[in-house]
Amino acid sequence: MTDIRDEVRAGFAETFGYEPSGLWSAPGRVNLIGEHTDYNEGFVLPFAINRRTILALGLRSDRMLRIASSFADELVELDLSELDTDNLHGWSAYPLGVAWALGEHGADLAAVPGFDIFIDSDVPVGAGLSSSAAIESAVALALNDVWHLGLDRRTLARVGQLAENKAVGAPTGIMDQSASLLGETDSAVFLDCRTLESEVVDLGFAAAGLELLIIDTGVSHSHATGGYADRRASCELGAKLLGVTSLREVTVDDLPRAREVLDEVTFRRVRHIVTENERVLDTVRTLREKGPRAIGDLLDASHRSMRDDFEISVPELDLAVETATMNGALGARMTGGGFGGAAIALVPTDAVSRLQVAIDGAFAEHGFGQPDTFVVSAAKGASRD
Ligand code: ADP
Ligand code: MG
């Protein structure tokens, strides 16, 4: 099998007619627990996965930006002097948006040289594994190096988020970029989305004989924009009616009062966020005190909360989770923003293939399209390769 690094080098040479000066890469991520808590200033626990977006870069002597990807059949060109959010469209808004966002974080875009970039990736796009953060983080790290910006990884995460918010126009939080930039092998990134403080937490899956199985339902979450915005609005409304700046400030003890103040739907949205924050903290504590075999119930409870209170699951995700828990998984939940995408299951190594067969069978029985199931491991964050 050819290494993806050789392919990206060859892709660069074929597209631009010379050899690149370096390769950078950044991983996708999966969120172990803590869903929709990021924009409520709460807690999340994602980890970087062993699927990466790799880019080859060559600096230019002029001010042109040229960018190509194995993902798209076009070469996008833009002069640095025209780099503005209004001029960025489609897939190239992610990488070129990062170049723009670096300007917002102190890079002197009037002085830096142009570049050629070729991108390749084995992060599935649109599966909830954040191919978007992978591409942003790889570009951010590469440009930070070649433009000698000296920004730290936390700042680069904010650069990626700014690109996604302003150049792409997706109102996403800081979780994905943080995982992609701060992740470490066999560890998760425990992130406080209010202070942006983060800690690396040992997962110990391999030592405990566990695998993390991704079940990509293939149900596209690209129509989720409306649902995502709607859930955000509910959370903002709940916070306003409860007199707090964010739901981070609401605890489980406040829920009886919240039930009196809020309408039934808003209450359930709030209850998901409040209990999910608690579950993230419990998961971190459990990992440290008892190890990964003990976190299964927390994953299960997270799924029920998203299904019943936040109402962002779909039948395919519920089936994946149910089939996993009935066939040897210690715990399972949908992951990502919802309305499609993937579920995760924590599975003893010797039960993985049996579970995959069971899931395929259950999906066929329900007349659902065949899901893509694969194991991921917790990998290191963005790197120069
Ligand atoms: P997710 O992050 O869950 O995979 P998003 O919708 O947030 O899904 O981001 C996917 C988009 O990011 C793609 O539609 C494309 O525009 C861009 N993208 C991701 N990976 C690449 C890549 N390797 N090359 C070009 N564009 C990419
Ligand atoms: Mg994304």
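Ligands are counted one by one from 1 in listed order, and the atoms in each one are counted from 1 as well.
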Considering the heavy atoms of [X], write down every atom of ligand 1 situated less than 4.0 Å from one of them.
X	result
Ser69	22 (C), 23 (N), 24 (N), 25 (C)
Ser132	2 (O), 7 (O), 9 (O)
Ile119	23 (N)
Val125	4 (O), 10 (C), 13 (C), 14 (O)
Gly128	3 (O)
Ile135	21 (C), 22 (C), 24 (N), 25 (C), 26 (N), 27 (C)
Ser121	23 (N)
Ser131	1 (P), 2 (O), 4 (O), 9 (O), 10 (C), 19 (C), 20 (N)

Examine the side chains of [X] and [Y] and answer whether a donor and an acceptor come within less than 3.5 Å of each other.
X	Y	value
Asn40	Thr37	no
Arg268	Ser234	no
Glu249	Thr245	yes
Thr251	Asp253	no

Hydrophobic cluster membership, Phe47 vs Leu210, 4.5 Å side-chain cutoff
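Yes, same cluster.
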Does Ala72 reach ligand 1, in the sense of a heavy atom lying below 4.0 Å from it?
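Distance cut 4.0 Å: Ala72 fails for ligand 1.
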Examine Ser132 and say whether one of its N/O/S atoms is closer to the Mg ion (ligand 2) than 2.8 Å.
yes
Heavy-atom distances under 4.0 Å decide this one: backbone, side chain, both or neither, for Trp91 against ligand 1?
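It is both backbone and side chain that touch ligand 1.
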Restricting to pairs with a member in residues 86-102, which pass side-chain hydrogen bond (donor to acceptor under 3.5 Å, both in side chains), not counting sequence neighbours?
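Of all non-adjacent pairs touching residues 86-102, those that pass side-chain hydrogen bond (donor to acceptor under 3.5 Å, both in side chains) are Glu74-Trp91.
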Is Glu35 paired with Arg279 through a side-chain N to carboxylate O contact shorter than 4.0 Å?
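Salt bridge absent between Arg279 and Glu35.
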Can you give each donor-acceptor pair under 3.5 Å made by side-chain atoms of residues 367-378, sequence neighbours left out, with the distance rounded to 0.1 Å?
from	atom 1	to	atom 2	distance (Å)
Gln370	NE2	Asp360	O	3.2
Thr373	OG1	Gln356	NE2	3.0
Ser377	OG	Asn50	ND2	3.3

